[in-house]
Amino acid sequence: MFCTCAFVFVVVDYDSTATIIDGKSVAEDIRFQIAEEVRQMKNAVGHVPGLAVVLVGDRRDSESYVRYKIKGCEEVGIKSLLAELPGNCTEDVVVDSVSRFNEDPSVHGILVQLPLPQHMDEERILSAISLEKDVDGFHPLNVGNLALRSRKPLFVPCAAKACLELLLQSGIELMGKHVTVIGRSKVVGLPTSLLLQRHHATVSIIHAFTTNPEEITRQSDIVISAAGVANLVRGSWLKKGAVVIDVGTNPIEDPTSDYGYRLTGDVCFEEAVKLASAITPVPGGVGPVTIAMLLANTLDSAKLAYGLATESPEL
């Protein structure tokens, strides 16, 4: 994990004692460190890390996320490549695009922006990404090694790393704490729960078939929501003093926005901020740190490729 000296907390004028966890500040410090290491790499080997993104279809939220990722690359000196494919293309077209990036030695990280169109086999496409370039951390071997505490994956999924980084940077104790993770997707919920167990937290996972989600969540010291449902977690779900990490980025129609929509979280912020001891906003919380972790994974991949790293990054 990154160690920065930034002030993680920003106090805002709410009628509560909750502290806002400032993801933008954390991400800025991480990007600064990455930019410096990229400069050192260019001086040492004459190359910079390269990240390739495959975008299928024209989902507005996916296009927005990709824009942020490419902008992040530009800010730290990482080369970015973008393959934009129509939503009605075949799986083979997407796999061929991934394969070309696998064979390109200037590309050290490949990500396929999710979700994919419904007619595509997501597992087949993600499995086509070379293990050494799987900077999203979704390859079965990376996920499997994350699940085995005695082993290390090459890469940990970026949103899970971001959640842990925000908690650690905020000085929040994890050992022995009860953490509820809402959502069990392979993108966020599953890897986050596995990563928390490596730090000796007691983890409950809420999913669509959980019969008493509110009661379980209300017992938790830390709540991490990645359900993808706007305002799912209300104030009544939280015990006073809980720490809330909101991974939700749900697009809501907003004609006043430049893109015609705005992003809101899974947690009803106005209610939660009156009860929580600390909380991440949306936007400006987990999102910027997730992109910073993607850049960090890409840098780590390039270090391994150029012989500049001798071991896997610390989890």
Side-chain angles (χ1 to χ4, degrees), residues 1-4 23 26-27 29-31 33-34 37 49 51-53 65 69 72-73 76 78 108-114 122-123 126-127 129-170 172 174-175 179 181-201 203 205 222 224-226 245 247 249 280 285-305 308-315:
M1 291 299 159
F2 284 84
C3 180
T4 69
V26 173
D29 273 1
I30 294 171
R31 290 197 308 270
Q33 293 183 48
I34 292 170
E37 291 197 48
L51 176 67
V53 181
Y65 301 148
K69 290 168 183 175
C73 287
V76 300
I78 291 176
H108 305 95
I110 303 170
L111 71 87
V112 176
Q113 183 63 45
L114 301 179
E122 185 177 286
E123 291 300 326
L126 294 179
S127 295
I129 299 172
S130 167
L131 177 65
E132 293 76 16
K133 299 186 179 186
D134 174 41
V135 291
D136 255 344
F138 298 151
H139 191 287
L141 284 176
N142 276 323
V143 176
N145 284 334
L146 179 62
L148 298 171
R149 283 179 49 206
S150 61
R151 305 189 65 168
K152 282 187 177 182
L154 277 176
F155 306 105
V156 174
C158 305
K161 281 183 74 175
C163 291
L164 187 67
E165 185 75 13
L166 286 167
L167 290 168
L168 295 178
Q169 289 280 344
S170 303
I172 294 165
L174 295 176
M175 186 180 295
V179 185
V181 178
I182 303 175
R184 55 178 176 177
S185 74
K186 68 172 173 291
V187 177
V188 187
L190 173 61
T192 299
S193 66
L194 295 174
L195 201 51
L196 287 165
Q197 290 177 71
R198 283 179 174 255
H199 287 259
H200 309 295
V203 182
I205 300 174
I222 302 168
I224 301 175
S225 186
I245 305 293
V247 192
T249 50
T280 58
V286 178
V289 185
T290 298
I291 294 175
M293 291 305 173
L294 171 65
L295 304 176
N297 280 355
T298 304
L299 173 62
D300 288 338
S301 178
K303 285 180 179 178
L304 290 169
L308 301 176
T310 56
E311 60 181 25
S312 300
E314 183 182 352
L315 294 180

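Side-chain atoms are counted along with the backbone in the values below, which use heavy atoms only and exclude waters and symmetry mates.
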Query raised in the report: Is there a side chain to side chain contact (heavy atoms under 4.5 Å, CB included) between M175 and H199 once you walk through the steps?
Result: CA-CA 6 Å; M175 186 180 295; H199 287 259; over 6 Å; no

Give a yes or no on whether the backbone of [Y] and the side-chain of [X] come within a donor-acceptor separation of less than 3.5 Å.
X	Y	result
D134	H139	yes
T192	G189	no
N297	D136	no

Nearest non-hydrogen partners of [X] and [Y], listed with the distance:
X	Y	result
V286	C163	CG1-SG, 4.4 Å
P157	G137	CG-O, 3.5 Å
G23	P288	O-CB, 4.1 Å
H108	T298	CB-O, 4.2 Å
I34	A292	CD1-O, 3.6 Å
V143	L194	O-CD1, 4.3 Å

Report task. Output, in order, the C-alpha distance, side-chain angles, deciding distance and verdict of side chain to side chain contact (heavy atoms under 4.5 Å, CB included) for L168 and L174. Result -> CA-CA 8 Å; L168 295 178; L174 295 176; 4.1 Å; yes

If you define the side chain from C-beta out and look only at heavy atoms, does anything of [X] sit under 4.5 Å from [Y]?
X	Y	value
Y65	I291	no
V247	S225	no
V112	E122	no
M293	V156	no
L167	I224	yes
I110	V135	no
P140	S127	yes
Q197	L195	no

When rounded to the nearest 0.5 angstrom, what distance separates [atom1] in [X] from [atom2] in [Y]?
X	Y	atom1	atom2	result
I30	L299	CD1	CG	12.0 Å
E123	K186	CD	NZ	4.5 Å
E132	L154	CD	CG	6.5 Å
K133	L111	NZ	CG	13.0 Å
K69	I78	NZ	CD1	13.5 Å
L295	R31	CG	CZ	8.0 Å

Query raised in the report: side chain to side chain contact (heavy atoms under 4.5 Å, CB included) between T280 and L166: does it pass, once the steps are laid out?
Result: CA-CA 9 Å; T280 58; L166 286 167; 4.2 Å; yes

Query raised in the report: Going through the checks in order, is the side chain to side chain contact (heavy atoms under 4.5 Å, CB included) test met by L114 and F138?
Result: CA-CA 11 Å; L114 301 179; F138 298 151; 4.0 Å; yes

